[in-house]
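Everything on this sheet refers to the single structure shown next.
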Amino acid sequence: MPISGVVVTTRPEDLSPASQFLGNCPGVELHGADDRGNIVVVLETASGEAMEDLLNTINAHPLILHAGVTYLNMEDLFEDEMAAAGTKL
């Protein structure tokens, strides 16, 4: 299960509606924001593809200027792929 820390940037005047949009997205957990329009969120999805889709959805929203990944952990997926291939870690 991939988990990523993301900083989402919006205009300061759009902070409230952008935060509401993010809070309504499945897999998104809001952790804080500043008065300059930066919102810190954690994304948790079932797969790498789902993470990419969620980031694309966030970046495509008209109130969002940018969503940048600052941390990404996909350890579980790697371990699952290795186990499926019969490889021990």
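To the nearest 0.5 Å, the span separating CE on Met51 from CG on Asn56 amounts to 12.0 Å. Between Thr9 atom OG1 and Asn38 atom CG the span is 4.5 Å, to the nearest 0.5 Å.
The stretch residues 20-30 participates, sequence neighbours left out, in these side chain to side chain donor-acceptor pair (under 3.5 Å) pairs: Glu29-His31.
Closest approach of Pro26 and Leu54 over heavy atoms only: O-CD2, 3.9 Å. Residues Leu63 and Ala18 approach most closely at CD1-N, 3.9 Å, considering heavy atoms. Pro2 approaches Ala46 most closely through the heavy-atom pair CD-C, 3.9 Å.
Formation of a donor-acceptor pair under 3.5 Å by the Asn59 side chain with backbone atoms of Ala67 is found in this model.
By the criterion of side-chain heavy atoms lying less than 4.5 angstrom apart, applied directly or through intervening Ile, Leu, Val, Met, Phe, Trp or Tyr residues, Met74 is grouped together with Leu55 in one hydrophobic cluster. Criterion: ILVMFWY side-chain heavy atoms under 4.5 Å apart, direct or through other members. Under it, Leu72 and Ile39 are part of a common hydrophobic cluster. Note on Val69: it clusters hydrophobically with Leu30, by side-chain heavy-atom contacts below 4.5 Å among ILVMFWY residues.
Listed by chain and residue number, Phe21 satisfy the ring-ring contact (aromatic ring centres under 6.0 Å, His included) test with His61 (two or more places apart in sequence, or in another chain). The salt bridge (Lys or Arg N to Asp or Glu O under 4.0 Å) check on Asp14 picks up Arg11, with sequence neighbours excluded.
Among Val41, Val42, Val28, Val40, the single residue meeting the side chain to side chain contact (heavy atoms under 4.5 Å, CB included) criterion with Val6 is Val41.
Counting heavy atoms from C-beta on, the side chains of Ile58 and Leu43 come closer than 4.5 Å.
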